[in-house]
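In what follows, every heavy atom counts, from backbone to side chain, and hydrogens, waters and symmetry copies are set aside. Per chain, numbering begins at 1; letters A, B, ... match sequence-line order.
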Amino acid sequence: MRIATWNVNSIRTREDRVLLWLDEHEPDVLLMQETKVVDENFPREGFEERGYTLALHGQRTYNGVAIASKLPIEDLETGFPLADDEDARGIAATIAGIRVGGLYVPNGRRLDADHYQYKLRWLDALHVWLRETGDPAAPLILAGDFNIAPDDRDVHDPAEWQDTVMNSDEVRARLQTLLGWGLTDALRTVSDEGGIFTWWDYRAGAFRFNKGLRIDLMLVTDPVRDRIEAVTTDRNDRKVRKGVEKPSDHIPVTLELRD
DNA sequence: ATGCCGTCTGGTAGACGA
């Protein structure tokens, strides 16, 4: 089974690129973030032609999360983990016996912004959601754009990025709390290397200089960890390509599991 | 670096992203 997560930064702008990627990689499940479109305007056709069923939790202009799956989607839940969240940032379903959550964690903007306090509240609520609805002994994948670089290996230049909303002690501690509940950062089961990034700023030639961060994560419980065959990222997915010129600023992360 | 680039909007400049 192959399951991927991708912050597509607008599904309407990225449709051709996402569909091409699906044709090339044929994942069973793709979790998408920042779809930036209300559900009735989601470009469904290309996904459905390829045999994917869609589950949508969209929103105008900002945020928006979605699941595309070739396998049946059961027990859909949206609008978590914060009960009164005005932003569409969480979608979960059971697919092939695995509880799969697709998340778009708030960015935080600046350490002194209200939005950063919202990010911390959101992460606290995610821990509560795990405790109340989850089971560390059951198959679970929590994946998406966490807007947290887990440690300095995941930051191209830790000095340049010191004390930002992506790597503050507070957000890293909250990630550790999630891991402490019973999750493993899937990428770290296959590599200890630094410099594996999933996001590069559009600005200032960040990709050209490989000034990236690893902020798109797949966290898994032990029953899933024991099935990991591979966790892959591909820098080429950040490049301009003929026919699909415009890349997202994020690349997909793919988790391959043994049956 | 207030900047850069890209996306969105009852838009055409400003908000937001990370």
Side-chain angles (χ1 to χ4, degrees), chain A residues 5-18 32-43 56-66 85-90 102-123 126 143-172 174-175 194-217 233 235 237-241 243-253:
Chain A
T5 180
W6 195 358
N7 180 326
V8 297
N9 186 17
S10 172
I11 188 57
R12 286 178 295 180
T13 295
R14 217 67 62 208
E15 180 183 3
D16 290 352
R17 185 144 190 150
V18 171
M32 288 169 275
Q33 301 89 39
E34 283 207 88
T35 54
K36 298 187 176 180
V37 66
V38 292
D39 294 350
E40 56 263 38
N41 292 339
F42 192 99
L56 306 176
H57 182 47
Q59 180 182 338
R60 195 189 73 153
T61 314
Y62 301 120
N63 313 308
V65 285
D85 205 342
E86 292 179 4
D87 293 358
R89 296 179 175 277
L103 305 176
Y104 177 43
V105 177
N107 164 284
R109 297 179 194 159
R110 298 162 49 98
L111 292 176
D112 60 1
D114 290 343
H115 201 257
Y116 179 66
Q117 295 306 315
Y118 165 59
K119 180 178 194 173
L120 298 181
R121 278 204 315 279
W122 204 96
L123 291 165
L126 183 58
D145 178 357
F146 279 75
N147 274 319
I148 301 171
D151 64 57
D152 283 350
R153 289 174 296 178
D154 305 310
V155 181
H156 70 89
D157 183 348
E160 185 178 327
W161 283 84
Q162 198 169 9
D163 296 326
T164 72
V165 295
M166 320 293 287
N167 63 5
S168 67
D169 291 344
E170 289 168 314
V171 297
R172 282 184 170 170
R174 278 163 175 79
L175 179 61
I196 300 169
F197 303 136
T198 64
W199 169 84
W200 296 262
D201 202 313
Y202 284 122
R203 297 170 290 186
F207 181 63
R208 189 156 44 93
F209 297 119
N210 197 26
K211 296 171 74 162
L213 304 179
R214 187 173 71 94
I215 54 178
D216 298 272
L217 311 176
T233 59
R235 278 177 50 86
D237 291 325
R238 183 62 175 76
K239 293 178 180 169
V240 173
R241 290 179 63 183
V244 285
E245 279 81 6
K246 293 187 285 187
S248 171
D249 46 353
H250 296 252
I251 59 170
V253 180

Would you indicate what [X] reaches in the nucleic acid, counting non-hydrogen atoms under 4.0 angstrom: base, sugar-phosphate, or nothing?
X	value
A:Arg14	sugar-phosphate
A:Arg109	base
A:Asp201	nothing
A:Asp216	nothing

Separation of [X] atom [atom1] from [N] atom [atom2], in whole Å?
X	N	atom1	atom2	answer
A:Asn9	B:dA15	CG	P	19 Å
A:Glu34	B:dT9	CD	P	13 Å
A:Tyr202	B:dC8	OH	P	10 Å
A:Tyr116	B:dG17	OH	C1'	17 Å

**Report entry** Partners passing salt bridge (Lys or Arg N to Asp or Glu O under 4.0 Å) against A:Arg153 (at least two apart in sequence or in another chain)
**Finding:** A:Asp151
For the [atom1] atoms, the ones on [N] and on [M], what distance do you get once it is rounded to whole angstrom?
N	M	atom1	answer
B:dG6	B:dG11	C1'	16 Å
B:dG14	B:dC4	P	13 Å
B:dC16	B:dG10	P	14 Å
B:dG3	B:dA15	P	11 Å

Requested in this report: Determine: side-chain N/O of A:Thr13 to OP1/OP2 of B:dG6, distance under 4.0 Å, yes or no.
Outcome: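 Answer no for this pair, as no side-chain N or O of A:Thr13 is under 4.0 Å from OP1 or OP2.
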Query - Modelled atom types, side-chain donor and acceptor of A:Glu34 and A:Asn9, under 3.5 Å - result: no
Query - No-hydrogen, no-angle side-chain donor-acceptor test under 3.5 Å, A:Asn41 and A:Arg60 - result: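 Judged by distance alone, the side chains do not pair up.
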Using the 3.5 Å cut-off, write out each protein N or O paired with an N or O of nucleotides 11-13 of chain B and the distance between them.
none

Query raised in the report: With side chains defined as the heavy atoms from C-beta onward, is the minimum distance between A:Arg208 and A:Trp200 less than 4.5 Å?
Result: no
Report summary line: Here the pair of heavy atoms bringing A:Arg89 nearest to A:His57 is N-CD2, 4.1 Å
**Report entry** Charged N-O contact under 4.0 Å between A:Asp152 and A:Arg172
**Finding:**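 Salt bridge present between A:Asp152 and A:Arg172.
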Requested in this report: By nearest nucleotide on DNA chain B, pick out whichever of A:Lys246 and A:Asp145 is the more 5' one.
Outcome: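 Closest to the 5' end, via its nearest nucleotide, is A:Lys246.
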**Report entry** Residues touching DNA chain B, which here means a heavy atom under 4.0 Å, drawn from residues 148-165 of chain A
**Finding:** none
